[in-house]
Chemist: 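For reference, the structure I am asking about is given below.
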Amino acid sequence: MIPANRPTGIEPLGDMPWGTHICMFYETRNDLLDTLADFFSAGLRNNERCVWAVSEPVTQAAAAQILRRAIPDFSRYVADRAIEILPAREWYLPGNHFDMQKITSGWNMKLSAALAEGYEGLRISGNAFWMATKHWAEFCQYEEELDRSWSGQPFIALCTYSLQDARAADVMDVAKSHQFTLARRRGEWELFETPELKLAKQQILKLKNELEERVTVRTRELVAVNRQLEAENAERERAEAALEKAQSELGRVSRLTSLGVLAASIAHEINQPLTAIVTNSEASLRWLTKGVPDLVEARAALCRIAQDANRASAVIERIRALVTEDKAEYGYVEINDAIHEVIALMRGTLREHRTVVRLVLEPDLPRVVGDRLQLQQVLMNLITNAVEAMTGVNGAPEIIIRSGSNEAGGLLVSVEDRGRGVDADAADHLFEPFVTTKADGMGMGLSIAQTIVEAHGGRICASPASPNGTVIQFSLPGVKGAS
Amino acid sequence: MSGSPASVFVIDDDPSVREAIGSLLRSVGRQAELFGSVKEFVSRGNPRSPGCLVLDVRLPGQSGLEFQDELARTRIHLPVIFITAHGDIQMSVRAMKAGAIEFLTKPFRDQDLLDAIQIAIERDQARMAAYAVRADLRRRWEELTEREREVMQRVVSGRTNKQIAADLGIVEITVKVHRGQVMRKMGARSVAELVRMADRLEVAQEGTRAILY
């Protein structure tokens, strides 16, 4: 698009950029004066230095009078030397001699001075009085040169020609050397364009349209892409929120599931010592109230009461510890002790499924650093799975829990069942959340176990047991220098 | 306690509960034997003296209920008292139908257990006594000669000496001698007593009895 930032004051042209070089053919003197009044008025209002090279049919005095009438603050502009009215003949033909170089540099000096004095540019007009003179050809060359060299400079030039004096050939010459050709006949404007300009304008219009079309298309694409991005973003945020929710739900449900499994165990684990306490206390009463009180038996029964009460309170402690949603508490963990505790806690479940647990625990194992409760959760999940894997399977349900060490000084713990086992396909996905081989399983136990083991820097894997069933083994890094 | 020393066999995998029950039983003068599993008890062998079983329902390995079924199939007729940490109605119904004396939920009142044990042991003693009587009768019956058995069957069926003599084709005096031998060998003081013995032995002759009517 053409940057149009200078008001020309010429109605059909409107705003034009610097470097605009216009020629105007006028019919009457008034046509000329009205145009120039508007032209300079626009220049003065926009902080341009104006230079009017005057020649017949206008005199310097007439020019000043016309401008004073048309421009309200004309005197101030004159005082500020914002406008200069020159006699054209002296400017262009000093000593009746045409020197193109000298005129051009003259304009350039005036421009430099104007810029130095704070004007934005130079607005000039000259009346080509000499169409019939011998310098016409030279003048035409000058105009062409001007048109080329002023492009991009802060110049606006309006050259005026009398229609009455002009021959057809002259009009052609003039039109060729200006960007715009206008004619004013008794107040009516006519506008001619040079073929180059017309072509350029068409080109520009075409380019502009193409550009606008491309911008529109591109904008449309960008809007679509943007909309898509926004949608994707929203979708991602939704997914992330859902994921976060699912993860917290996962942890909670897993804990609840373990607790649910524990509930029966808890009832049993509390009930057993309670039964023993009640029976022992009744027995000790009977020992004491016999004809000859048996203090040895009574004492033994009372000792057992104390032991059972401690056992019951230990159960409660363990349950409380499991229920409390504490953050991980890392410390040294004796895995064999942890295994014994979990077995004790799960005795109810094991009994219910009539599952026998065989412990193959190596003594003096390397200690590991970890969260005891979390590791017990792992064991509990593995044992629960093992128990459930054997329901409805022929043969005595048996779980083998092994502990040992590996070459790296780490710990190995495995839980083996005699269930149906899992095929290789399923084994690959066993630790993924919501993957289950059980009809009513949620598929979270092993996923949680894996999360915990890996958080402890360990690995967990599943393999087939011999002759049947599954072994889930996990490793934990040992602590150097501590055993 | 009166009579032969009865034993209470306690099978519970929880040593605390096991020992508490053991102490309770000893404190009332009961002889108790404690086992951690059905397997342990079975390997001990069939008890000769009267007794009863105190059995945890949910034992690992073999459940108490399954063991009860197995006991019924074998010649071990020990009365069973179930104790359970969390029994349900279905389970107790099944146990009682299968002949359990009592189904107690842990923790139980000592007196409830002792009462159940008392009933169980009395029942076992009665069972053993009845068994002993039957075994004695059977032994005596087996000591009779073929002719004496024929005579006894007819006597308990209400036939007269004359009729028996006719039945067997022997003289009446011989019938009387056989009859005296039967009464002596069987240890019967009256014909009525002999009839009851025959009932227990199930040796009466249906065919001949019908002739009476």
Side-chain angles (χ1 to χ4, degrees), chain A residues 263-294 296-312 343-344 346-358 387 395-399, chain B residues 1 8 10-30 32 34 36-40 54-67 70 81-88 90-91 104-118:
Chain A
S265 282
I266 291 166
H268 186 81
E269 285 315 300
I270 298 293
N271 214 27
Q272 288 295 102
L274 201 60
T275 302
I277 288 168
V278 169
T279 307
N280 273 319
S281 58
E282 285 159 344
S284 58
L285 277 175
R286 286 177 190 273
W287 289 120
L288 291 173
T289 53
K290 275 170 97 80
V292 182
D294 192 327
V296 175
E297 282 279 14
R299 181 193 295 272
L302 288 170
C303 283
R304 285 195 299 270
I305 289 174
Q307 279 169 13
D308 288 325
N310 284 335
R311 179 178 148 199
I343 298 295
M346 297 190 72
R347 206 145 61 169
T349 308
L350 294 168
R351 278 166 56 101
E352 194 171 345
H353 290 83
R354 274 180 268 127
T355 305
V356 177
V357 175
R358 188 141 60 86
V387 168
E398 188 188 41
I399 293 176
Chain B
M1 299 305 304
V8 181
V10 180
I11 311 179
D12 193 311
D13 70 325
D14 190 320
S16 297
V17 174
R18 211 156 63 212
E19 278 168 29
I21 293 173
S23 176
L24 177 68
L25 295 179
R26 281 199 310 282
S27 75
V28 296
R30 285 272 183 219
L34 311 178
S37 67
V38 166
K39 210 171 141 195
E40 265 182 56
V54 175
L55 199 56
D56 191 322
V57 179
R58 297 191 187 214
L59 286 166
Q62 187 179 27
S63 89
L65 288 172
E66 281 174 16
F67 181 52
E70 195 182 300
I81 297 157
F82 279 109
I83 50 173
T84 178
H86 36 73
D88 48 43
Q90 203 187 343
M91 201 185 284
L104 298 172
T105 306
K106 291 177 184 177
F108 42 80
R109 282 186 56 238
D110 61 340
Q111 199 56 56
D112 289 346
L113 179 64
L114 294 176
D115 287 349
I117 286 171
Q118 178 68 32

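Sequence lines set the chain letters: A, B, ... in the order given, protein chains first and strands last, and positions in each chain run from 1. Just so it is clear, the structure is predicted and the values come from calculations on it, not from any experiment. Computed from heavy atoms alone, side chains included, the values below leave out hydrogens, waters and symmetry copies.
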Chemist: Check each atom of B/Leu114 against the heavy atoms of chain A and say whether the ones under 4.5 Å are side chain, backbone, both or neither.
Modeler: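 Only the side chain of B/Leu114 comes within 4.5 Å of chain A.
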Chemist: Are any of the side-chain heavy atoms of B/Lys106 and A/Thr279 separated by less than 4.5 Å?
Modeler: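 No. Closest side-chain heavy atoms not under 4.5 Å.
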Chemist: Which of residues 16-23 of chain B get closer than 4.5 angstrom to chain A, counting heavy atoms alone?
Modeler: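 Contacts with chain A: B/Ser16, B/Val17, B/Glu19, B/Ala20, B/Ile21, B/Ser23.
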Chemist: Determine yes or no for a side-chain-to-main-chain donor-acceptor pair under 3.5 angstrom, with A/Lys290 supplying the side chain and B/Ser27 the backbone.
Modeler: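 Flag set: sc A/Lys290 to bb B/Ser27 pair under 3.5 Å.
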Chemist: I'd like to know which of A/Leu285, A/Ile277, A/Asn280, A/Val278 tops the heavy-atom pair count under 4.5 Å against chain B.
Modeler: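 It is A/Asn280.
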Chemist: Counting heavy-atom pairs closer than 4.5 Å to chain B, which one of A/Asp308, A/Ile305, A/Thr275 comes out on top?
Modeler: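 Option with the greatest count: A/Thr275.
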Chemist: Taking the basic N atoms (NZ, or NE/NH1/NH2) and the acidic carboxylate oxygens, is any pair closer than 4.0 Å for B/Arg26 and A/Asp294?
Modeler: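 No, B/Arg26 and A/Asp294 are not salt-bridged.
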Chemist: Are the charged groups of B/Asp14 and A/Arg311 less than 4.0 angstrom apart, N to O?
Modeler: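 Looking at A/Arg311 together with B/Asp14, the answer is yes, because their closest N to O distance falls below 4.0 Å.
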Chemist: Let me see the working for B/Leu24 and A/Arg286 under side chain to side chain contact (heavy atoms under 4.5 Å, CB included), right down to the final yes or no.
Modeler: CA-CA 8 Å; B/Leu24 177 68; A/Arg286 286 177 190 273; 3.7 Å; yes
